[in-house]
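Okay, structure first, notes after.
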Amino acid sequence: MDVAVIGLGRMGSALVRRLSKLGHNVYTWNRTRERAEGLPGTYVEDLSKVRANFISIFVADDDAVMDVLRGGLLEADLKGAAVALMGTYTPRLVVSAAEVLRSRGADVLALPVVGGPSSVEGGTAIYLAGGDKAVAERHMEFLKSLGEVIYVGDLRQTAALKLAFNALGLGTVALLGEALSLASAYGVDPETFGRLLGMTAFKELAQHYLPRILAPMPPSFTARLAAKDLRYASLAAAEGGVPPLITDAAKNLYEAATALGKGEENYPRAGATFMKRTP
Ligand SMILES: NC(=O)c1ccc[n+]([C@@H]2O[C@H](COP(=O)([O-])OP(=O)(O)OC[C@H]3O[C@@H](n4cnc5c(N)ncnc54)[C@H](OP(=O)(O)O)[C@@H]3O)[C@@H](O)[C@H]2O)c1
């Protein structure tokens, strides 16, 4: 199948590698062309020339999606193509992008991803599919070749579920960092903190995230994107009539870490070291 990937950041690049392993004809585009170097696939210079059965938009945020649409994609021949919005975007953006894409003849799916670049490349990521059920079913075999798939419902519900999940995950990791800082401020060894968590329901959380808090690692998900997701989750919660109290606290943390120059760092450590007391 002809598949296009627009946005070759950590996630888009991982998807290109996965698609290429699966034997698809992959077409790629990125705002900064150099990011395509070393990746499989055929680079398309001009967005308006993109032609594929399935087009994945995997850019950073709502503004980036609008830039891609206005920057040429809406001039492409989209008749009969499915366009999947794969990044983490607001329900509002997903609905309005879908409206203009449909007016150009495309089918549209919300397809946000739970999992990082390595799970996308390895085929173990979870894809939340949303939009017209018949469209999702038409592409189900292809989607299942990418990883686990959950059909959620309409576009708004799907975007909202992804934001709810990320509010939970990012907020939990923010609090883990703060709790570690509290213990460290009184001289408690991080190992003792980890041992305690390992004897409780927090065992998996500690195993997965404490190493990412305690040592710098190459970023797979940055503090800047964590702040963006929490900003979007906060907006969506408020629009749904839910006061985003804890979401806002976590949002403030990652926004402050980003403002202090930690935006490109891995988010668990960027958030925790912003609090200064983390070893
Ligand atoms: N990383 C993860 O673990 C993860 C997991 C689930 C979901 N997500 C979501 O997936 C999306 C991509 O994440 P990522 O980690 O791949 O981000 P990333 O590595 O920071 O890459 C961001 C991508 O967006 C592009 N972009 C940014 N602004 C743009 C604009 N105005 N116009 C066109 N392109 C623009 C960048 O192009 P340039 O190269 O030109 O800057 C780059 O291709 C985000 O919505 C993120 O929240 C990420």
Side-chain angles (χ1 to χ4, degrees), residues 1-7 11-12 14-16 18-20 22-29 41 44 47-59 61-62 64-115 119-120 123-166 232 236:
M1 190 158 98
D2 290 348
V3 186
V5 180
I6 295 173
M11 294 294 271
L15 180 65
V16 168
R18 173 84 193 151
L19 292 166
S20 160
L22 291 171
H24 296 292
N25 301 318
V26 187
Y27 297 90
T28 59
W29 180 89
V44 181
L47 266 179
S48 68
K49 302 279 187 308
V50 168
R51 302 264 182 289
N53 312 98
F54 196 94
I55 301 173
S56 308
I57 300 183
F58 227 149
V59 291
D61 55 20
D62 286 11
V65 173
M66 292 315 293
D67 286 349
V68 160
L69 297 184
R70 294 191 191 117
L73 190 63
L74 289 177
E75 290 155 40
D77 179 4
L78 300 175
K79 281 187 201 74
V83 178
L85 296 157
M86 298 192 67
T88 305
Y89 311 125
T90 59
R92 226 173 235 277
L93 177 280
V94 171
V95 168
S96 49
E99 205 174 291
V100 282
L101 285 162
R102 283 181 185 135
S103 75
R104 305 288 304 142
D107 286 330
V108 180
L109 289 174
L111 198 62
V113 184
V114 173
S119 49
V120 167
T124 57
I126 305 164
Y127 293 83
L128 303 177
D132 191 277
K133 194 156 193 192
V135 173
E137 271 165 10
R138 211 160 39 245
H139 295 280
M140 199 45 83
E141 202 183 315
F142 168 68
L143 297 182
K144 283 188 172 163
S145 73
L146 300 180
E148 298 293 330
V149 184
I150 300 177
Y151 177 76
V152 179
D154 67 24
L155 296 169
R156 288 175 81 240
Q157 289 166 338
T158 308
L161 176 60
K162 168 62 180 166
L163 292 175
F165 180 83
N166 277 24
Y232 290 175

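Computed over heavy atoms, backbone and side chain alike; hydrogens, waters and symmetry mates excluded. Keep in mind that what you see is a predicted model, and the values were worked out from it rather than measured.
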Kindly compute the distance separating CG (L109) from CZ (F54), expressed to the nearest 0.5 Å.
6.0 Å
Do L19 and F142 make a side-chain contact, defined as non-hydrogen atoms from C-beta onward lying under 4.5 Å apart?
yes
When rounded to the nearest 0.5 angstrom, what is the spacing between CG in L111 and CZ in F58?
8.0 Å
State, with a plain yes or no, whether a side-chain heavy atom of Y27 is found less than 4.5 Å away from one of D2.
yes
Heavy-atom pair with the smallest gap, counting every atom of P112 and A110:
CD-C, 3.5 Å
Interatomic spacing from CE in M1 to CD in E141 - rounded to 0.5 Å
10.0 Å
Which pair of non-hydrogen atoms, one from G131 and one from L155, has the smallest distance, and what is that distance?
CA-CD2, 3.8 Å
Decide yes or no for L15 and L146: does some side-chain heavy atom of the first lie under 4.5 Å from some side-chain heavy atom of the second?
yes
To the closest 0.5 Å, what do you measure between CD1 (I57) and CG (L101)?
6.0 Å
Evaluate the side-chain proximity of R138 to V135: yes if any heavy-atom separation is below 4.5 Å, no if none is.
yes
Using atom types as modelled and distance alone, determine if a side-chain donor or acceptor of R18 lies under 3.5 Å from a backbone N or O of S145.
yes
When every non-hydrogen atom of V113 is compared with those of K162, the smallest separation belongs to O-NZ, 2.8 Å
To check you understand the geometry: which heavy-atom pair defines the closest contact between A81 and A52, and what is its length?
CB-O, 3.3 Å
Can you name the nearest heavy-atom pair linking A236 to L163, along with the distance?
CB-CD1, 3.9 Å
pair I126-F165: side-chain heavy atoms closer than 4.5 Å
no
Distance-minimising heavy-atom pair for T158 and D154:
OG1-O, 2.8 Å
Please confirm whether the backbone N or O of A160 pairs with a side-chain atom of Y232, one donor and one acceptor, at under 3.5 Å?
no
Would you say L22 has more than 12 foreign heavy atoms packed within less than 6.0 Å of its CG?
yes
Listing, residues 67-79 side-chain donor-acceptor contacts under 3.5 Å, not counting sequence neighbours, or none:
{"from": "D77", "atom 1": "OD1", "to": "K79", "atom 2": "N", "distance (Å)": "3.3"}

Enumerate donor-acceptor pairs with a distance under 3.5 Å from any side-chain N or O in residues 86-99 to protein atoms, sequence neighbours excluded.
{"from": "Y89", "atom 1": "OH", "to": "V59", "atom 2": "N", "distance (Å)": "3.2"}
{"from": "Y89", "atom 1": "OH", "to": "V59", "atom 2": "O", "distance (Å)": "2.6"}
{"from": "Y89", "atom 1": "OH", "to": "G87", "atom 2": "N", "distance (Å)": "3.4"}
{"from": "T90", "atom 1": "OG1", "to": "D62", "atom 2": "OD2", "distance (Å)": "2.5"}
{"from": "T90", "atom 1": "OG1", "to": "L93", "atom 2": "N", "distance (Å)": "3.1"}
{"from": "R92", "atom 1": "NE", "to": "E239", "atom 2": "OE1", "distance (Å)": "3.4"}
{"from": "R92", "atom 1": "NE", "to": "E239", "atom 2": "OE2", "distance (Å)": "3.0"}
{"from": "R92", "atom 1": "NH2", "to": "E239", "atom 2": "OE2", "distance (Å)": "3.4"}
{"from": "S96", "atom 1": "OG", "to": "R92", "atom 2": "O", "distance (Å)": "3.0"}
{"from": "S96", "atom 1": "OG", "to": "L93", "atom 2": "O", "distance (Å)": "3.4"}

Heavy-atom count around Q157 CD within 6.0 Å, excluding the residue itself: above 12?
yes
